[in-house]
**Student:** 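Have a look at this one before I ask anything.
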Amino acid sequence: MGKKKNKKKQQQQQPAPSPAAASSPGDTPKSPAPKQSPRPTLVENGVSSHQKPPKKKAPPPLPLGVDLGTAHARIAAGPVSGTPGPADATSVRIISNADGVRRTPTLVGEGGLVGEGARKALARDDPRAAADGVASTAGVFAPAKDGRRGSNLRVLLAELGGYAAAAGGAAGSHLGAVVAAGPERVDGVLRTACEAAFGSVLGYLRPAAAVCVAHGLAGERTDWRECAVVDWGASGITATHFRRAGTCLELVGSWTNAELTPDAVTGALAGHCANMFKRRNGGLDVNESARSAMKLWMACEYAVGVLGVGGAATVEVDGLMEGLDLSVPVSRPRFEMLIGRILASAAEFVGASLLPNRFDAVLLSGALCKAPCVAASFRKILKGDGEDAPWSGRPDVPADEAVAVGCAVHASAVVAARVAGKLTAVASKEIEEGGAPISPVSLGFGTEGEDADAFIKIGDPLPVVVSGEVLRGKGLEVVQLMEGGGRTVLATAQIPEEVGCKDEEKKASVRMELTVEGRLSISVDGGPLTIL
């Protein structure tokens, strides 16, 4: 009896199980969780410890300049934002590729081979294409017969972006690139590939404009008005005329001759070496063997580069044909004689494009322009002799790297302006989305009562400067053109007619400028800017 009473007392003392703790007979009973004491709240500098720490701002991007040439690509890195002093050519460094070379062939081969590896594979599989100049037959900017231009561009640019990220170190995790490419190449395919490779694309520049930036004509140097840029690259020779418009470059005109390429120079040297080999070896013709022609072509390409900076070069090929070696020394006078006709045609084209204008600066770009005879020929035809010779640019900017350097300087300026808050919210948003600040409206001007042309269109990169002519003696209208065909008059002005003026003087020159901050200004006949 006593034991039964003790058991009843123990059962009465045990607490009844809660409904949440009820379980099936086979379950193991769970012990109640211990009560946690409240965490003490610490307040330091007005911020509670319970509050989430503020998110760290992403570091500014590493400014990059990307020169997407027809035959080679180059990458330059500008100074990280916060570096003392303005960005210029002295603060820019060229980024080498995995082989330690400062330029990368714009070639993509089978299996993802990029650059020199793709070129060697092409020379092995298709020696005739390599002998004819790989840029025009197999480069990423060559006419795509198999529809693979987009994929090849993505592979090439991804490789370049990897070089930049590796060279940038800690700053390489955020990239901001300014890409130099001709206006005809900047399409949706190129934009998509650049954004995938570099993350943030700050804008696109004409190669000639990038050359001006590299030499300081868009920054610290203001003692000029007219500038000529001659670019002799794999896509031909291009002559461009710029005019200084405040802090901007106004494009006056650009002309290209696609027939005068460096391949013509290499071909002239290869023809000379082939004749020497034929004369020494019983009439053996190198051109009868595609592989022999490819070996000779690649050796001559290297020799042309050496002759551009040195006094002489030797074209050497071991086992060129039937086990016979080639060794042909080429002096600079011999080289100048071989390319004399080509150089004369190039100088004639430049003169016909740019003369009779007088230039305060003549800038040269492209590997061929490093040759003294080429530089002297262009500057001579542009009135470059004597004491009145135009300025020839900064001596520390190589002609073959000027485009990449200019893009890097421009990228540094854009990043610094964004960090300092000098760009508007709209402009900053455009940059974050991977593009340069663009015009949100279409603007134009013309004679009052007549149709006005759209000189600035929606999507044009800012800042932009345009020019045109209107008749004197009538009103000038500045208008905003609507997409549906309507127009809104923003301002009007009267331009007086000069008595006794000639027919060509009856038109007034009008310049319109739209800045990144959205400031629109007008100038007539070179007068002061009027802000609207």
Side-chain angles (χ1 to χ4, degrees), residues 69-73 99 101 103-149 151-152 155-156 232-236 258-308 313-330 334-335 338-339 341-342 367-368:
T70 302
H72 296 90
D99 299 326
V101 183
R103 66 179 189 177
T104 301
T106 54
L107 293 171
V108 176
E110 298 294 337
L113 290 175
V114 177
E116 193 61 33
R119 179 176 182 176
K120 292 179 180 178
L122 176 68
R124 180 184 64 250
D125 301 334
D126 190 0
R128 178 57 62 186
D132 293 338
V134 293
S136 58
T137 57
V140 295
F141 295 111
K145 298 180 180 179
D146 53 359
R148 294 194 306 168
R149 174 175 176 263
S151 61
N152 288 346
V155 173
L156 173 67
W232 201 353
S235 58
E259 296 180 358
L260 296 171
T261 66
D263 286 347
V265 176
T266 304
L269 181 58
H272 169 70
C273 294
N275 290 333
M276 296 295 293
F277 184 82
K278 185 175 183 179
R279 185 183 307 171
R280 296 174 183 174
N281 297 285
L284 284 178
D285 190 357
V286 174
N287 296 316
E288 292 180 355
S289 170
R291 192 164 300 276
S292 299
M294 175 269 299
K295 291 181 179 180
L296 178 59
W297 183 275
M298 297 179 74
C300 289
E301 272 190 342
Y302 177 78
V304 169
V306 173
L307 288 166
T314 301
V315 181
E316 293 182 326
V317 183
D318 294 335
L320 176 60
M321 192 174 185
E322 296 185 5
L324 299 174
D325 301 336
L326 171 72
S327 179
V328 178
V330 182
R334 168 67 68 177
F335 176 67
L338 291 174
I339 67 171
R341 185 172 300 177
I342 302 171
L368 275 180

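Values reported hereafter were calculated over all heavy atoms of this structure, with side chains retained and with hydrogens, waters and symmetry mates removed.
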**Student:** Using the test side chain to side chain contact (heavy atoms under 4.5 Å, CB included), find all partners of Arg341 that sit at least two apart in sequence or belong to another chain.
**Tutor:**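 Side chain to side chain contact (heavy atoms under 4.5 Å, CB included) list for Arg341, sorted by chain: empty.
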**Student:** Between Val315 and Leu296, is there a side-chain heavy-atom distance shorter than 4.5 Å?
**Tutor:**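 The answer is yes, as the side chains (C-beta and beyond) meet within the 4.5 Å cut-off.
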**Student:** For Ala303 and Leu269, work out which heavy atoms get closest and say how close.
**Tutor:**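 Result for this residue pair: CB-CD2, 3.9 Å.
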**Student:** Return the set of residues passing side chain to side chain contact (heavy atoms under 4.5 Å, CB included) with Asp285 (not counting sequence neighbours), or none when no residue passes.
**Tutor:**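 In terms of side chain to side chain contact (heavy atoms under 4.5 Å, CB included), with neighbours along the sequence ignored, Asp285 is linked to Asn287, Glu288.
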**Student:** My understanding is that only residues two or more places apart in sequence, or in another chain, count here; which of them pass side chain to side chain contact (heavy atoms under 4.5 Å, CB included) with Asp318?
**Tutor:**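 Counting only residues at least two positions away or on another chain, Asp318 forms a side chain to side chain contact (heavy atoms under 4.5 Å, CB included) with Asp325.
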**Student:** Could you grab the distance from atom OG1 of Thr266 to atom CG of Leu368, nearest 0.5 Å is fine?
**Tutor:**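 That separation rounds to 7.5 Å.
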**Student:** Quick one: CG on Asn281 to CG on Leu326, what's the gap to the nearest 0.5 Å?
**Tutor:**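 Asn281 CG to Leu326 CG: 8.5 Å, rounded to 0.5 Å.
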**Student:** Could you tell me if the side chain of Val328 sits less than 4.5 Å from the side chain of His272, heavy atoms only?
**Tutor:**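 Yes. Closest side-chain heavy atoms under 4.5 Å.
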**Student:** Can you tell me how far apart CD (Glu116) and NE2 (His72) are? Round to the nearest 0.5 Å.
**Tutor:**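 Here the interatomic distance stands at 7.5 Å.
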**Student:** Over all heavy atoms of both residues, which pair between Thr314 and Ser327 is shortest? Give the atoms and the distance, please.
**Tutor:**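 Heavy atoms of Thr314 and Ser327 come nearest at CG2-OG, 3.7 Å.
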**Student:** Is the backbone N or O of Leu320 less than 3.5 Å from a side-chain atom of Ser292, with the two atoms forming a donor-acceptor pair by type?
**Tutor:**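 Here the side-chain-to-backbone pair exists.
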**Student:** Test of understanding: with side chain to side chain donor-acceptor pair (under 3.5 Å), list the residues that count as partners of Thr104, not counting sequence neighbours.
**Tutor:**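 Expected list: Asn97.
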**Student:** Measure the shortest side-chain to side-chain distance between Phe277 and Leu324 over non-hydrogen atoms and say whether it is less than 4.5 angstrom.
**Tutor:**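 Yes. Closest side-chain heavy atoms under 4.5 Å.
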**Student:** At their closest point, which heavy atom of Ser289 faces which heavy atom of Met321, and how far apart are they?
**Tutor:**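 Here Ser289 and Met321 meet closest at CB-CE, 4.3 Å.
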**Student:** Return the minimal non-hydrogen interatomic distance between Leu260 and Trp232, and the atom names on each side.
**Tutor:**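 Leu260 and Trp232 have their closest heavy atoms at O-NE1, 2.9 Å.
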**Student:** Would you call Trp297 and Asp263 a side-chain contact if the rule is heavy atoms closer than 4.5 Å?
**Tutor:**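 Of all side-chain heavy-atom pairs linking Asp263 with Trp297, at least one is under 4.5 Å.
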**Student:** Mind listing the closest non-hydrogen atom pair of Ile342 and Ala264 along with its distance?
**Tutor:**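 In terms of heavy atoms, the two residues are closest at CD1-O, 3.4 Å.
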**Student:** Please identify each residue that fulfils side chain to side chain contact (heavy atoms under 4.5 Å, CB included) with Ser235, with sequence neighbours left out.
**Tutor:**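 Counting only residues at least two positions away or on another chain, Ser235 forms a side chain to side chain contact (heavy atoms under 4.5 Å, CB included) with Thr70, Arg185.
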**Student:** On a heavy-atom basis, which atom in Val317 and which in Ala299 lie closest, and how many Å separate them?
**Tutor:**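 Answer, listing the atom of Val317 first, then Ala299: CG2-CB, 3.6 Å.
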**Student:** So Pro262 and Val304, do their side chains get closer than 4.5 Å, heavy atoms only?
**Tutor:**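 Not in contact.
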